[in-house]
Amino acid sequence: MDNFAVIISRLSESFLLNCRLFALTLVFSLPLGLVIAFGSMSRFDPLRWLVRTFVWIIRGTPLMLQLIVIYFGPGLMNMAFNWPSGNSGRFVAATVAFVINYACYFSEIFRGGIESIPKGQYEAGQVLGMTKKQVFFHVILLQVVKRILPPVGNEVITLVKDTALARIIANKEIIMMAGEYSSKGLIWPLFATGLYFLAFVGALTLLLDWCEKKLGYFRT
Amino acid sequence: MPILEVRDIEKRFGTLQVLKKIDFSLEKGETLAIIGSSGSGKTTLLRCLNFLEKPDRGRILVNGEVIFDAADPATQRESEVRRKRLHFGLVFQNFNLFPQYTVLKNVTLALELLAKERPDYNQNKKAILEEIQEKAKNLLSQVGLLDKLDYYPHMISGGQQQRVAIARALALEPDILCFDEPTSALDPELTGEVLKVIKSLAERKTTMIIVTHEMDFARDVSDRVIFMDDGAIIEQGTPEDVFGNPREERTKQFLSRYKSN
């Protein structure tokens with residue numbers, strides 16, 4: 001059996017996969033969520049209907065199932081496309097599943113935030129000769145960010161812990177690693193994983209608090 | 001030639017007709033007060049002028065140029081609407097300042113965005129931006145807020161916010177400045193400072209349309225008054241005529257209610 005230092009270093013190394021998955025998911029799902037939010041607010045009925053159905057499916061099925069479908073689906077359906085073999089393929093598939101899943105959740109938060117901004121803010125920008133795009137980026141966006149920060153923070157914290165689901169398609173994340181020890185009868189590494197998550201979420205909470213304070217200089 | 005001609009504007013919301021054959025004109029430098037009870041269509045009329053609502057019928061001309069014709073879709077193109085609405089400025093009932101920007105930035109923002117479209121913007125960026133700052137400071141000093149440049153909207157009173165909104169609208173040098181019940185959202189003790197600013201604009205011959213419930217102010221500040229009821233213009237004329245010697249029964253009723261209050 002490995003000694004303490006080796007176990008810690010292997011847990012830490014596997015936690016890096018959780019961290020990478022977390023970071024990539026955020027980087028891609030936040031902008032994609034905004035695009036989906038606009039789709040779900042479109043005045044073009046078929047597009048809105050399509051986007052809202054998609055969001056319903058993604059939010060209505062378990063992320064675990066989505067991981068399985070996205071990773072094994074192409075092979076089972078004999079599609080021309082398939083994931084690269086080995087760890088990199090597993091990781092990319094997990095990232096894609098996470099990005100789609102979280103983008104849908106974010107899109108609903110964004111939609112709520114955008115729709116909560118009073119109409120007068122849009123009108124004030126318009127009568128001052130701003131284009132719709134200028135109104136959105138120069139007047140609306142920061143107000144939306146301020147309003148949605150708490151619910152987005154919630155999702156971000158959930159995401160940290162959801163990264164553990166990546167093991168369902170055999171990504172060697174931290175809980176999978178700890179599981180290898182517990183199956184050999186060594187139980188403490190499994191408990192130790194909790195400390196990794198706690199520390200990560202603790203740091204995130206501080207960061208989110210800081211962002212909220214930064215945006216506290218104005219009121220919407 | 002009148003600076004503004006409104007010709008037979010009509011507007012419906014569903015089955016409700018909110019504007020009926022609205023027809024009037026305005027000379028440069030004139031102040032027009034629009035009075036009437038709530039729901040009489042005054043605000044909708046202002047919103048039509050500012051392209052926030054689209055009339056179903058009628059035409060709007062500024063300096064003789066047709067800027068809106070309900071029968072001619074070519075006058076309603078989104079790309080042109082943006083340029084055309086700059087003929088008008090609008091001061092809202094609840095100010096609608098941008099909360100995340102300082103008082104100064106509220107006034108400069110639209111000017112800065114417009115300046116970016118100037119062909120010489122990149123070469124003269126610094127000079128252009130400085131000019132905009134100076135202009136905004138001038139306007140804010142006109143409305144008595146030079147000491148509040150770096151404040152955010154939530155830090156100042158409603159009356160001060162509305163004065164910022166007036167400076168913000170003036171910054172774009174509209175031909176016609178519209179006020180939509182500019183003091184209705186204010187505590188009574190704060191209305192005076194806003195009315196004083198509007199009055200000083202009238203004295204400087206700013207062309208204005210003011211929708212208001214402040215009858216004494218309307219009488220005092222305007223060159224012409226329109227009384228609206230149920231979506232139609234019932235009576236128009238000088239303040240002396242409309243307030244002192246109303247011809248129509250409905251005008252008399254409306255004004256007597258204000259006197260008894």
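Chain letters run A, B, ... following the sequence lines, proteins first, then strands; residues in each count from 1.
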Checklist entry - Quick one: what part of B:Leu113 sits under 4.5 Å from any heavy atom of chain A, side chain, backbone, both or neither? => result both
Checklist entry - If you tally heavy-atom pairs under 4.5 Å against chain A, which of B:Pro99, B:Gly89, B:Ala110 wins? => result B:Pro99
Next on the checklist: Among B:Val91, B:Leu114, B:Leu97, B:Val81, which residue has the highest count of heavy-atom pairs closer than 4.5 Å to chain A?
Outcome noted: B:Leu97
Checklist outcome for this item: When rounded to the nearest 0.5 Å, the distance separating CE of A:Met130 from CG of B:Leu109 is 4.0 Å
Between chain B and chain A, donor-acceptor distances below 3.5 angstrom:
from	atom 1	to	atom 2	distance (Å)
B:Arg47	NH1	A:Glu123	OE1	2.9
B:Arg47	NH1	A:Glu123	OE2	3.3
B:Arg47	NH2	A:Glu123	OE2	2.7
B:Arg82	NE	A:Gly129	O	2.6
B:Arg82	NH2	A:Gly129	O	3.1
B:Arg85	NE	A:Gln126	O	3.4
B:Asn96	ND2	A:Gly120	O	3.3
B:Leu97	O	A:Gln121	NE2	2.8
B:Gln100	O	A:Tyr217	OH	3.1
B:Gln100	OE1	A:Gln143	NE2	3.4
B:Gln100	NE2	A:Val139	O	2.7
B:Tyr101	OH	A:His138	O	2.5

Checklist entry - Does CZ in A:Phe191 sit with more than 12 non-hydrogen atoms of other residues, nucleotides or ligands closer than 6.0 Å? => result no
Item to check | Student check: side-chain heavy atoms of A:Val127 and B:Phe92 closer than 4.5 Å | outcome: yes
Checklist outcome for this item: Those residues at least two apart in sequence (or on a different chain) that pass ring-ring contact (aromatic ring centres under 6.0 Å, His included) with A:Phe28 are none
